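Please read these numbers as outputs of a predicted model, since none were measured by experiment.
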Amino acid sequence: MTTVSSSRGERGRSAFSEVMTFAAPEHASPAAERMVDFVFSEIWRRPGLSRRDRWFVTLPCVAAADAEAPLRDHVYAALNSGDVSIVEMREAVLHFAVYGGWPKASRFNMVVDELWERIHQERGRDTPPPEPLLPLVTPSDPEQRLTTGEQSFRDVNCVPFVPTRDNPYSGAGILNFVFGEMWLRPGLGMKERRLVTVACVAIQDAPYPILSHVYAALKSRDVSFEEMDEVVLHFAAYYGWPKAANLDEVVAEQKQRAVDEWRAEDTATS
């Protein structure tokens, strides 16, 4: 039993160093031990979801948790490892702001800037200037922007309908910015945006958003069934098992919904 436990701990410390780019903590509290020999030895090494993809579940969780040290450690590791580029990280912050809240994203953004500079200082290099914001890839004409947002809403959510324009929340917010710009920005891929979104709506426990975004991630095939199962497990480790249990239930329901719809579509075209 001691040998098995020791071997697992060694694997965990090795995995921790690989993922976090610094050595595992030396103190042996039960929480620290389980973090190393379960979260890193078991979860981060599972094959169903890539290490890079796991960052886009981890980062929104630690940003939402208001835990300063884990946020700093994980932002540093994601950037220092090269798993996540600075452009992707900054886009993830923006995406998190929409689905996790702007005040928490403000802190997230400050930590990203600070640790990006620290990484370059450690490497003896100057911090490069950020990518220019302009020109935007989305239309500036108000009508075109709303029309683009409506089509993006349909495409992202895998639905034939759109919300009304004539409401500040759904028109100016959802159609104009969230789907008229943010989901279309090139700095972060669709799969990564879906992972950040699913983590955020699972944190919020908002009934319709969690249903709609889990469904869309699966129906679009941007996230496979196996990958979504791994998202649930990874989310459980970083934001808690009760919320993960709710997410797991929604995933099971939306898997069946997607399968039923695919079968109906195949029947209609055969």
Should the pair [X]-[Y] be classified as a salt bridge under the 4.0 Å nitrogen-to-oxygen rule?
X    : Y    : result
E42  : R46  : no
R194 : D53  : no
E261 : R257 : yes
E131 : R90  : no
E26  : R13  : yes
E265 : K219 : yes

Of all pairs that satisfy salt bridge (Lys or Arg N to Asp or Glu O under 4.0 Å), the ones with a partner from residues 195-204, not counting sequence neighbours: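 Counting only pairs at least two positions apart or across chains, no salt bridge (Lys or Arg N to Asp or Glu O under 4.0 Å) contact touches residues 195-204.
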message: Applying salt bridge (Lys or Arg N to Asp or Glu O under 4.0 Å) as the test, list every pair that has at least one member in residues 196-208; sequence neighbours left out.
response: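 For residues 196-208: D205-K243.
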query: Is it true that atom CG of D141 has more than 12 heavy atoms of other residues, nucleotides or ligands lying nearer than 6.0 Å?
result: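 Counting neighbours around CG of D141, more than 12 heavy atoms of other residues, nucleotides or ligands fall under 6.0 Å, so yes.
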message: Angle between ring planes, W183 versus H213, binned at 30° and 60°: parallel, tilted or perpendicular?
response: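 Parallel.
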- prompt: Aromatic rings F153 and F161: how do their planes relate, parallel, tilted or perpendicular, breaks at 30° and 60°?
  reply: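 Rings of F153 and F161: tilted, 30 to 60°.
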message: When you group the ILVMFWY residues by side-chain heavy-atom contacts below 4.5 Å and let the links chain together, are L184 and V178 in the same group?
response: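 Per the 4.5 Å side-chain linkage, V178 and L184 are not co-clustered.
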message: What verdict does the salt bridge (Lys or Arg N to Asp or Glu O under 4.0 Å) test give for R165 and E143, after you've listed the backbone C-alpha separation in whole Å, the side-chain angles of each residue and the deciding distance to 0.1 Å?
response: CA-CA 11 Å; R165 292 181 173 191; E143 176 60 34; 2.9 Å; yes
task: Could you grab the distance from atom CE of M89 to atom CH2 of W116, nearest 0.5 Å is fine?
output: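 Between atom CE of M89 and atom CH2 of W116 there are 9.5 Å.
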Do [X] and [Y] have side-chain atoms, one donor and one acceptor, less than 3.5 Å apart?
X    : Y    : value
D83  : S81  : yes
N157 : S212 : no
T138 : R145 : yes

- prompt: Can you tell if the side chain of F225 reaches within under 4.5 Å of the side chain of V259, non-hydrogen atoms only?
  reply: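 Of all side-chain heavy-atom pairs linking V259 with F225, at least one is under 4.5 Å.
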query: Do the side chains of R123 and N80 get nearer than 4.5 Å, heavy atoms only?
result: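 Yes, their side chains come closer than 4.5 Å.
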message: Quick one, F235 with V198, criterion side chain to side chain contact (heavy atoms under 4.5 Å, CB included). Give me CA distance, side-chain angles, the key distance, then yes/no.
response: CA-CA 10 Å; F235 176 83; V198 168; over 6 Å; no
Residue from H120, E122, Q121, E114 passing side chain to side chain donor-acceptor pair (under 3.5 Å) with R118: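 Testing R118 for a side chain to side chain donor-acceptor pair (under 3.5 Å) against H120, E122, Q121, E114 leaves exactly one candidate, E122.
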Nearest atoms (heavy-atom pairs only) where C200 meets F96: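 Scanning both residues, the minimum pair turns out to be SG-CD1, 3.6 Å.
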